[in-house]
Amino acid sequence: MRAGRDRSATTRRPIDTSFQQIRAEFPILGRKIYLNSCSLGALSRRSERHLEEFLARWHDEGAAAWYEHWLGRTNLLRRRVATFLGAEPSDVALLPSASAALSVIAESVDHSRRPRVVCSALDFPTLAYQWTVKPRVELVILRSHDGISVDPEQFAAAVDEDTMFLATSHVYFTTGCVQDIRALAEIAHEVGAYCLIDGYQAAGQIPVNVREAGVDFYIAGPLKWLCGGPGLAYLYVRDELVRRLRPRITSWFATRNQFDFDIHHFQYHDDARRFELGTPPLPTIHLALGGQEIIEEVGIEAITARNRELVQHLVDGAAATGLALRVSADPERRSAIVMIRHPDPAGAVAHLANQGIIVDHRPGHVRVSPHFYNTPDELDRCVEVLAAYRPPRGGAGAAALPPDPLTL
Ligand SMILES: Cc1ncc(COP(=O)(O)O)c(C=O)c1O
């Protein structure tokens, strides 16, 4: 689907009618104004059908479906995700969460050799937590000077010969700002460190090519922009590292011959499956296949272009009503996570929910995250209701806008 322009549209910016058809795939869009895809992508009829097929086989065949069908579905998803990320299936492990993927990598290296890990204050906390809990790791958390991003120069200054990982986000969940991960990989590699990227907020809303970017590790998952639900994450490991790393947390799925059930001999799998931690979540694998198919059919380039239009529309509309935004000044570095500063974010989100508009809040901000299936009209309605909301007198947030927590 291509992002064309419909000049007959009546809103400030043109509506691309080609995206209207896809809305029928996502029932929630007929019930709510759903603008929280960076938390949980909308559920599609396609995913539902895949899940129903899984349940039917469970009823009909029980465990026999494992060998006949479900291992095949698991490998199909791995292949599709690998191609989508610009990798080979042998470079991709399936894990139960982004945190589990981070943990297995953090447990695959010798931190005594290089004790330093560098991340940023804008990253999702689970990234830093992996090393916070390791007493011998020196964790450096870089500040953001503008509350939007962290300058690659700051990483270059902090990453040295003692550094094991430059670990940060592709898209910051805090600000939606997109990082130049190729530049970050170069900075890490110049001093022999690994570049680990948390791409959970990137895959499905912007193009990702892990090999072109040259990163060593990349973590994604179906929960958000890939519209595939909770319980699964994708871990890419650069091929030269796959055979070299020997994780210290493991499972029978990580072994070369798992169905030999040989308790006396442990052998890592030759490919990225050596990082896997047990039985894969079959319901999510089926749901994720549905989301993955739709994202690929619509096309990631078209999705990115569509989301950029929606975000510009939202930014213009919010600014016109006097709402204060925290987004990158450079539209090229924006993504579909838009933070609107607010004195009473929780109250505002509850007020919007009462009007059938689903958004979320983070400290000091209302967070609006549209995806390709949303429309400019929905964004207009969200801005209108948010701008009209007044915190209750004397209640939380009744005061003026507090300082931005990310620039303190
Ligand atoms: C950027 C990012 N990384 C990691 C996570 C957490 O992932 P998990 O719960 O799968 O560990 C989230 C969740 O919202 C996220 O936004």
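Values below: all heavy atoms of this structure, side chains included; hydrogens, waters and symmetry mates excluded. Since the structure is predicted, the reported quantities are computational estimates derived from the model, not experimental observations. Remember, it's 1-based here, ligands and their atoms both numbered in the order they're listed.
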| said: Give me the atom names and distance for the closest heavy-atom approach of His170 to Ala202. | reply: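 For His170 and Ala202, the tightest heavy-atom pair comes out as ND1-CB, 3.6 Å.
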| query | Ignoring hydrogens and geometry, is there a side-chain-to-backbone donor-acceptor pair from Glu378 to Thr375 under 3.5 Å? | reply |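 At least one qualifying donor-acceptor pair exists.
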| Polar side-chain atom of Ser144 near backbone of Ser149 as donor-acceptor pair, under 3.5 Å |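 Side chain of Ser144 to backbone of Ser149, a donor-acceptor pair under 3.5 Å: yes, one is there.
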| query | Would the number of heavy atoms belonging to other residues, nucleotides or ligands and lying under 6.0 Å from OH of Tyr129 be above 12? | reply |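 No, OH of Tyr129 has 12 or fewer neighbouring heavy atoms, counting only those of other groups under 6.0 Å.
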| message | Can you confirm whether or not the ring centre of Tyr200 sits under 6.0 Å from the ring centre of Phe124? | response |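 No.
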Tabulate distances under 3.5 Å between N/O atoms of ligand 1 and N/O atoms of the protein, writing both atom names on each line.
from     : atom 1 : to     : atom 2 : distance (Å)
ligand 1 : 3 (N)  : Asp198 : OD1    : 3.4
ligand 1 : 3 (N)  : Asp198 : OD2    : 2.6
ligand 1 : 10 (O) : Ala98  : N      : 2.8
ligand 1 : 11 (O) : Ala98  : N      : 3.4
ligand 1 : 11 (O) : Ser99  : N      : 2.8
ligand 1 : 11 (O) : Ser99  : OG     : 2.5
ligand 1 : 14 (O) : Lys224 : NZ     : 2.7
ligand 1 : 16 (O) : Gln201 : NE2    : 3.0

| Hey, mind stepping through Tyr389 and Asp344 against side chain to side chain donor-acceptor pair (under 3.5 Å) and telling me if it holds? | CA-CA 10 Å; Tyr389 172 69; Asp344 179 20; 2.6 Å; yes
